[in-house]
Amino acid sequence: MPDTPLLDKVKLPADMRGFDLPQLKQLAQEVRAETIDAVSVTGGHLGAGLGVVELTVALHHVFETPDDILIWDVGHQCYPHKILTGRRDRIRTLRQGGGLSGFTKRSESAFDPFGAAHASTSISAALGFATARDQQGKTNRVVAVIGDGSMSAGMAYEAMNNAVEATSGQLMVVLNDNDMSIAPPVGGMSAYLAGLVAGGTYRGMRKLGKKVAEHLPRPFKQAAKRAEEYARGMVTGGTFFEELGFYYVGPIDGHDLDNLVPILKNAAAITDKPVLVHVVTQKGKGYAPAESSADKLHAVVKFDVISGKQSKPVSNAPSYTKVFGSELIKRARLDPKIVAVTAAMPSGTGLDLFGQAFPERTYDVGIAEQHAVTFCAGMAADGLKPVCAIYSTFLQRGYDQVVHDVAIQSLPVRFAMDRAGLVGADGSTHAGSFDVGYMGALPGMVLMAAADEAELAAMIATSLEIDDRPSAFRYPRGDGVGVEIPELAAPLEIGRGRIVREGTAVAILSLGTRLQESLKAADLLAARGISATVADARFAKPLDLDLILRLAREHEALITVEEGAMGGFGAFVLQALAEKGALDAGLKIRSLHLPDVFQDHDAPATQYDQAGLNADQIAAAAMAALGVAKGAARA
């Protein structure tokens, strides 16, 4: 445990509001040390939090949180914020079952007014809070802290475009610039200029100048306006934000509390228009292993604080993400029309590997899923073979484009949906729970789910063969099951599943990742004298009707198993059976899926137990359908 004498006195932000600058600097160093030590125990997002330590201290010092609203975008910056807002005693439960969320969460603390685990939402939410304040006659202040990556999404600009008209009171956006180099390097002069333009004297002179300009002839008035704004833009880089109607302050050094605190105080006093404070920070600041790492230790497992070495378990199988990247490279070597697109997640989707092999055929569009989908649609319309690699949970943001720009036009965009299903410590916001339902609802869509890494390779091959309609394949977070992958996988017959194990009494029809658990369930049933067929559906759309009807006809009970929400594969199977009259003869059927709740973060094994998707529970569902008491053998 680090030595933190000053932090020990801070239970809530109010305890630090009387601190002077030397004390705030000491507090920041202690918060940094506490953050490093805590994440070394729990794992989680490290680099982003280290980059905003001074900013977090300054904001809670200047603003009267929680009465003043403070929103973090994306929420993985929030670990220092949690330490300062009454949760230090639980900070080593981050991302653990029953512990603190890795993101801001409304149900967790009054200091988390808005949950932020997806990017680019903060300005819209802050504008909502500011408008609610104005409507209710309150006077509290509203601040949104948004990372430069989050500023790549159109939603942020939609909110900024609306902000000037929607609120008449204070609204501050803090742009945390730590990667994209929006502005040139900062130093003493830029900090001085930022303090100057945020100060009352400059703003008073500016208002006076505007009043004088109002009495000038129109051409001179417009010239004066342009000269003033572009002069500030040349010095500070803020012309773009000024044109959106914001008062721009910056860029300033986000680690220099001597300048940061007074500038935030001055900017907080601006109430005649929204203000954007541009701070430049260093991701991973103050921890050498993070500063020297290519990703600034963005996301880590447990690690040694001294060396920074992470405790990564050795696996006997490649991750599904790596399999995707490697297989796509194989295909791209054979077909120059294959291109790949991701939305700010090249390493998370495996496209970092593809990008190394084919840099000219790899496109990272930033946090802009809507654009990514339609960008792919345009390429597909002109003969390329785009593969759109986006996490299942993030593809939800581009669903309108999937419908209108891809599916209605029958364009052959291939959607690679990583992180399908449960995701452990990242919790409900990052779980890929709904893609089977939302993609399977679209006419013409070919929708596949990989049961193992060899199946994933085959589904990649299949999608690249489809040239007359869209296709999608889903695969989970984590490692494969250790099966051999062919040198060049053959495409699957569209809409055809496979029988993996033959039985007689009950059929277990699995889609995707729970096939191995279904096979274990069949073993458990066999030990009780119950013969089970296990089938891998492979396709959620089009369904293998011949296989499903055979299973219904030849077995007393049918159990569908999927790692997705209700309204997905099981619902598709039930509807097909009903339409074909296969339920009329008394077939016993059960549908196992994710529970109808947003599951909190926890260890994956615990999450699957909660969901009822482990082997014991699959076997229990089969016995219940057959009317066999739990633990009993069938006569």
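Among residues two or more places apart in sequence or in another chain, the salt bridge (Lys or Arg N to Asp or Glu O under 4.0 Å) test is passed with Asp112 by Arg87. By the side chain to side chain donor-acceptor pair (under 3.5 Å) test, Glu327 pairs with Lys330, sequence neighbours left out. The ring-ring contact (aromatic ring centres under 6.0 Å, His included) check on Phe415 picks up nothing, with sequence neighbours excluded.
In this structure, the side chains of Arg88 and Thr4 come closer than 4.5 Å at one or more pairs of heavy atoms. Side-chain contact between Leu59 and Leu70: present, with at least one pair of heavy atoms (C-beta onward) separated by less than 4.5 Å. Looking at heavy atoms from C-beta onward, Leu12 lies in side-chain contact with Phe111 at the 4.5 angstrom threshold. Counting heavy atoms from C-beta outward, Val145 and Asp73 have side chains that stay 4.5 Å or more apart. In this structure the side chain of Leu395 never reaches within 4.5 angstrom of the side chain of Asp435, judged on heavy atoms. Leu24 has its side chain within reach of Val261: a pair of non-hydrogen atoms, C-beta onward, lies under 4.5 Å apart. Looking at Leu175 and Phe241, their side chains come closer than 4.5 Å, going by heavy atoms from C-beta outward. In this structure the side chain of Phe103 never reaches within 4.5 angstrom of the side chain of Trp72, judged on heavy atoms.
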- Message: Between Leu260 and Leu55, does the side-chain contact (heavy atoms from CB on, under 4.5 Å) criterion hold? Intermediate values first, please.
- Response: CA-CA 8 Å; Leu260 190 57; Leu55 179 60; 4.3 Å; yes

- Query: Would Leu7 and Val31 satisfy side-chain contact (heavy atoms from CB on, under 4.5 Å), going step by step from the backbone distance to the final call?
  - Reply: CA-CA 7 Å; Leu7 179 58; Val31 169; 4.0 Å; yes

- Task: Go through the steps to decide whether Val143 and Val174 satisfy the test side-chain contact (heavy atoms from CB on, under 4.5 Å), and finish with yes or no.
- Result: CA-CA 7 Å; Val143 181; Val174 178; 3.9 Å; yes

- Message: Does Tyr320 form a side-chain contact (heavy atoms from CB on, under 4.5 Å) with Glu453? I'd like the steps, not just the answer.
- Response: CA-CA 6 Å; Tyr320 284 97; Glu453 52 268 53; 4.2 Å; yes

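Sorted pairs that involve residues 340-355 and meet salt bridge (Lys or Arg N to Asp or Glu O under 4.0 Å), not counting sequence neighbours, are lacking altogether. Residue pairs meeting the side chain to side chain donor-acceptor pair (under 3.5 Å) criterion with at least one partner in residues 47-62, sequence neighbours excluded, are Arg32-Glu54, Glu54-His255, His60-Thr65, His60-His81. Evaluation of the salt bridge (Lys or Arg N to Asp or Glu O under 4.0 Å) test over residues 598-613, restricted to residues two or more places apart or in two chains, returns Lys105-Asp600.
Here CD1 of Ile83 is found 11.5 Å from CG of Asp89. Values are rounded to the nearest 0.5 Å. Going from atom CD1 of Ile36 over to atom CG of Leu46 covers 6.5 Å, rounded to the nearest 0.5 Å. Atom CG of residue Leu6 and atom NZ of residue Lys25 lie 14.0 Å apart, to the nearest 0.5 angstrom. Atom-to-atom distance recorded for Tyr608:OH and Leu613:CG is 8.0 Å, nearest 0.5 angstrom. Atom CZ of residue Arg141 and atom CD1 of residue Ile270 lie 12.5 Å apart, to the nearest 0.5 angstrom. Glu108 contributes atom CD, which lies 8.5 Å from atom OG1 of Thr85 (distance to the nearest 0.5 angstrom).
Between Arg95 and Asp426 there is a salt bridge, with a side-chain nitrogen of the basic residue lying less than 4.0 Å from a carboxylate oxygen of the acidic one. Look at Arg474 and Asp418 and you find no salt bridge, because none of the NZ, NE, NH1 or NH2 atoms lies under 4.0 Å from a carboxylate O. Under the 4.0 Å criterion applied to side-chain N and carboxylate O atoms, Asp148 and Lys283 are not assigned as salt-bridge partners. Under 4.0 Å is where a charged nitrogen must lie from a carboxylate oxygen, and between Glu34 and Arg92 at least one such pair does.
Looking only at distances, no side-chain donor or acceptor of Ser40 sits under 3.5 Å from a matching main-chain atom of Lys302. Panel note: side chain Glu369, backbone Arg397; no donor-acceptor pair is recorded below 3.5 Å. Here the side chain of Gln370 pairs no donor or acceptor atom with the backbone of Gly398 at under 3.5 angstrom. No donor-acceptor distance shorter than 3.5 angstrom exists from the side chain of Arg514 to the backbone of Glu562, with no hydrogens or angles considered. Judged by distance alone, the side chain of Ser152 and the main-chain N or O of Gly149 form a donor-acceptor pair under 3.5 Å. The closest donor-acceptor contact from the side chain of Lys82 to the backbone of Ser101 lies under 3.5 Å. In this structure, Glu563 contributes its side chain and Leu422 its backbone to a donor-acceptor pair below 3.5 Å. With hydrogens and angles disregarded, a donor-acceptor distance shorter than 3.5 Å links the side chain of Tyr287 to the backbone of Val305. Looking only at distances, no side-chain donor or acceptor of Gln170 sits under 3.5 Å from a matching main-chain atom of Ala268. Using modelled atom types, one side-chain atom of Gln396 and one backbone atom of Thr393 make a donor-acceptor pair closer than 3.5 Å.
Of the N and O atoms on the side chains of Thr513 and Arg477, not one donor lies less than 3.5 Å from an acceptor on the other residue. Between the side chains of Thr321 and Arg419, at least one donor N or O sits under 3.5 Å from an acceptor N or O. Looking only at atom types and distance, the side chain of Asn176 has a donor-acceptor partner in the side chain of Thr281 under 3.5 Å away.
Pairing each heavy atom of Val249 with each of Ile263, the nearest pair is CG1-CG2, 3.8 Å. When all heavy atoms of Ser122 and Ile71 are compared, the closest pair comes out as CB-CG2, 3.8 Å. The two atoms that bring Leu353 and Ser326 nearest to each other are CD1-OG, 4.2 Å, heavy atoms only. Among all heavy-atom pairs drawn from His601 and Ala425, the shortest one is CB-O, 3.2 Å. When every heavy atom of Tyr475 is checked against every heavy atom of Ala450, the shortest pair comes out as CB-CB, 4.4 Å. Nearest heavy atoms, Leu351 versus Ala389: CD1-CB, 3.7 Å.
Among the candidates Ile123, Leu244, Asn162, the single residue satisfying the side-chain contact (heavy atoms from CB on, under 4.5 Å) test with Tyr157 is Leu244. A side-chain contact (heavy atoms from CB on, under 4.5 Å) with Val387 is found for exactly one of Val413, Val341, Leu328, Ile460, namely Leu328.
Close placement of the Phe394 and His430 rings is indicated, their centers lying within 6.0 Å of each other. Aromatic pair Phe354/Phe358: ring centres closer than 6.0 Å.
Shown here is Asp596, whose CG atom has no more than 12 heavy atoms of other residues, nucleotides or ligands within 6.0 Å.
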